[in-house]
Amino acid sequence: MTAERARHLLDLGRHAEALDLLRPVLAADPDDVDAHALRAVAHLGLDQHTEALAAADETVARRPDVEWGHRLRAQALSGLRRHPEAMSAAAEAISVDPDNWATHAQFALCAAQLPEHRRAALAAAERAASISPTEPDAHFAVGYVASHLALHELSDTAYRRTIALDPGHVAARHNLAVAGRLGVDLSRRAHALAGVLGDDPGQGAARANLERVAVAAMVRVHLSVVAALLVTTAVSAAAGAPARVAVLAACLAGVVLGAVLLARRLPVGVLVLARAQLTRTPFVIALALVAVLTLLATLWVGLVPYGHWFGLRVLRPLGLLNVVLLVWSVVRAGSAD
Amino acid sequence: MDDPLIQGLETAVAAQPDNVELRLHLARLLVDAGRGGDAVPHVATALQQRPDDPAARELMAQALGTPPAAAGAEPPVPPVPPAPPAPPARQRQREGFDWSAAETDLGDVVPAMFVDGQGENATPAFDVDREHLTLADVGGMREVKRRLNAAFLAPMRNPELRRTYAKSLRGGLLLYGPPGCGKTFVARALAGELGAGFMTVSLADVLDMYIGQSEKNVHEIFETARTNAPVLLFLDEVDAIGHKRSRTSSDGIRNAVNQLLLELDSVGDDNEGVFVLAATNHPWDVDPALRRPGRLDRTLLVLPPDAEAREAIWTHHLRGRPIQGIDVRRLVKASDGYTGADIAHVVDSAAELALLDAAESGELRLIAQADVERALAEVRPSIGPWFETAKNVALFANEGGSYDELLAYLRKTRRL
């Protein structure tokens with residue numbers, strides 16, 4: 001009865017409460033295999049991978065012939081980034097229950113972390129999907145491994161199949177949203193991620209990716225300001241005052257129009273995230289400062305006679321600042337991945 | 001006059017009702033003392049726990065066979081109803097003991113262990129409390145009170161106005177907000193204000209019920225409410241009872257949600273005096289169908305206590321403790337963003353600090369302002385994680401403006 005209640009709590013995502021329920025159960029009967037397994041699930045839900053591994057070990061020690069314990073070990077070891085051991089545990093699960101799609105899917109998810117085993121991972125994921133073609137998580141495993149192998153078409157298809165089978169599959173929707181390069185279709189990505197976050201507000205990954213979308217949007221605006229400076233400087237070197245001012249006005253109009261159009265295509269929440277980052281993310285603060293400097297330089301070049309001399313002088317330091325920003329953004333992207 | 005040993009054993013059995021040996025021993029003494037009638041309930045209780053115990057069966061036979069004691073010397077034996085028709089002789093011989101006769105004999109003595117719930121006197125499975133709290137007991141929270149008044153109290157107290165404005169009493173109210181901010185307290189106060197009974201259904205109750213017959217049991221909750229009307233039915237942690245069906249793999253939960261929808265619909269149609277109030281920390285996990293018109297269609301955000309409420313909470317928790325020189329206003333100012341539960345924790349921690357100091361110094365001292373401020377510095381507001389998730393909801397799940405109130409609060413407090 002108590003184990004059943006704990007199972008329900010886990011189903012509701014109330015991992016800590018489930019643990020509270022399981023403690024006395026295990027104190028009364030330390031050999032309760034189900035309770036150990038459920039404890040492992042609860043710890044996994046709380047990202048307590050060391051404790052999850054301990055609970056999974058207890059499960060396996062008592063029932064090595066049940067695949068669940070091995071699978072829980074694999075999940076805990078993956079969480080601890082001990083991927084080779086995780087893969088071994090998942091392989092053990094397959095040997096215990098080779099006709100169970102979940103064991104193959106678990107193996108695929110573990111092996112996908114190791115580049116040299118990704119082909120085997122894909123084969124395992126496809127095996128899982130063939131054993132249980134109506135199981136969304138089996139197709140999700142295919143999508144996940146395929147994305148690691150940069151097989152974007154296969155990955156997209158698998159994720160779409162997952163969503164077709166389970167429209168509420170948040171992980172598949174998220175991964176499909178972030179598939180491909182960030183800058184390709186900012187608006188599509190933003191709306192897809194906003195949908196994921198709307199359905200599951202606790203999705204930290206979706207939130208982080210939306211913040212990246214917000215930064216990417218700001219980088220675009222910044223680049224348009226840099227382009228305006230370059231164009232204004234080039235024109236002011238060759239043309240008189242009226243043409244210079246006209247070009248400046250056109251460039252500024254282009255910058256504003258581009259920013260407005262971009263903002264209108266994004267969910268309102270992304271703009272709020274962008275504004276919040278303007279006050280607390282060092283990279284975004286630096287980006288904004290450089291953009292403002294670039295804008296001031298553009299105005300100077302366009303409005304002041306012989307401003308192009310100034311423009312040419314500031315291009316080098318501004319260029320350097322932009323290179324620094326570029327490197328910074330690459331480093332940020334690398335650490336986020 | 002009772003035998004002192006029997007008296008002593010009766011006391012011991014009352015203290016340890018599950019001790020079968022003790023109970024049988026008492027029964028044996030009673031039989032030996034010629035008080036078979038008194039022994040019967042004890043042996044019957046023992047047999048409920050050990051139906052195959054031959055000694056208990058034999059003792060039952062003896063107890064039933066013992067003639068009643070002389071009138072006046074012992075309490076009267078309950079009247080024996082007419083004997084049922086005797087079973088065939090062969091069967092009686094085989095069983096050795098006439099159980100049906102015994103059951104008939106025991107009918108008036110031992111209460112039934114289980115009832116089928118169909119009887120008129122079936123005991124409700126859920127308690128209905130009478131609340132003495134009213135909204136006047138809730139410190140601060142003016143906006144919450146104003147909204148409760150508009151949504152519940154005013155239409156209920158003014159039938160004429162209700163008719164004039166064609167205001168329906170259908171539907172329930174969903175209180176949501178960070179944990180520890182007094183949703184349950186407000187619900188109790190509302191029940192008191194309505195003069196209605198208060199019936200709370202929590203996650204633990206519902207999870208117990210999921211085993212096999214969830215729909216039936218959800219129905220039973222509402223039936224109990226209808227029987228006890230006027231009653232305020234408070235569904236605590238409704239995100240668990242009415243979890244999004246698309247996000248659960250449990251048939252039990254899905255069936256419970258379906259039944260809950262059915263019951264909420266019928267509350268509006270068939271029942272006078274059943275007011276449904278629900279509370280959750282995670283409104284985004286509640287099945288959308290539960291929030292449609294006529295169900296839990298109105299939402300009310302219960303926020304961390306305002307200054308007035310905090311003052312009441314500080315005063316409440318400090319009252320009855322050995323304190324000196326506490327500046328409650330200063331604490332109120334310093335505890336902006338703390339929930340009622342946080343403040344209770346701070347006061348406990350301050351008491352701990354004073355206690356530890358007294359234990360170390362060997363000198364008793366009162367809880368001082370410095371203790372409370374030190375505890376306040378150590379205990380951080382617990383609502384941070386909730387607001388992180390709430391931000392995502394307000395920004396990306398505010399379809400139809402259902403979280404406008406939350407969005408406005410986040411903007412006002414610069415949490416966005």
Side-chain angles (χ1 to χ4, degrees), chain A residues 1-14 16-18 20-21 41 135-137 163 165-171 190-211 213-214 266-280, chain B residues 176 179 202-212 214 237-257 280-288 385-403 406-407 410-411 414-416:
Chain A
M1 178 86 122
T2 311
E4 196 60 30
R5 286 183 61 194
R7 211 184 288 271
H8 285 301
L9 285 169
L10 292 173
D11 194 49
L12 294 168
R14 295 175 173 234
E17 289 167 61
D20 288 344
L21 263 184
V41 175
E135 177 54 55
D137 283 331
I163 296 164
L165 290 166
D166 176 8
H169 202 293
V170 173
H191 281 284
L193 287 170
V196 170
L197 210 49
D199 277 0
D200 185 3
Q203 267 279 331
R207 168 70 182 252
N209 279 311
L210 268 173
E211 284 174 353
V213 168
L266 295 173
V268 178
V270 175
L271 305 181
V272 177
L273 291 183
R275 199 185 58 204
Q277 292 193 78
L278 275 171
T279 56
R280 61 165 182 247
Chain B
Y176 77 97
S202 72
L203 171 66
D205 299 323
V206 173
L207 284 182
D208 271 342
M209 286 184 275
Y210 280 159
I211 316 300
S214 48
E237 298 188 278
V238 73
D239 53 300
I241 307 166
H243 197 69
K244 271 183 182 168
R245 284 165 295 176
S246 60
R247 295 249 300 273
T248 178
S249 56
S250 161
D251 287 340
I253 292 175
R254 262 194 224 109
N255 293 339
V257 178
T280 176
N281 304 335
H282 312 285
W284 42 87
D285 286 337
V286 175
D287 195 283
W386 187 88
F387 275 113
E388 273 309 303
T389 308
K391 256 190 262 182
N392 293 339
V393 173
L395 291 177
F396 302 106
N398 192 17
E399 288 144 11
S402 44
Y403 294 108
L406 175 64
L407 190 61
L410 291 170
R411 281 194 177 131
R414 300 185 174 196
R415 288 178 187 270
L416 276 183

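Throughout, a chain's letter reflects where its sequence line sits, starting with A, and its residues are numbered from 1.
Interface summary for chain B: among A/Val272, A/Asp166, A/Leu193, the most heavy-atom pairs under 4.5 angstrom belong to A/Val272. Interface check for chain A: of the options B/Asn392, B/Leu395, B/Thr389, the most heavy-atom pairs under 4.5 Å are formed by B/Asn392. Put simply, of A/Arg7, A/Gln203, A/Arg275, A/Arg207, the one with the most heavy-atom pairs under 4.5 Å next to chain B is A/Arg207.
Ring geometry for B/Tyr403 versus B/Trp284: interplanar angle of 30 to 60°, hence tilted.
Not a single donor-acceptor pair under 3.5 Å links the side chain of A/Asp200 to the backbone N or O of A/Val196.
Residues B/Phe396 and A/Ala194 come closest through the heavy atom pair CD2-CB, 3.4 Å.
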_salt bridge (charged side-chain N to carboxylate O under 4.0 Å, His left out) between A/Arg14 and B/Asp239, intermediate numbers included_ = CA-CA 11 Å; A/Arg14 295 175 173 234; B/Asp239 53 300; 2.5 Å; yes
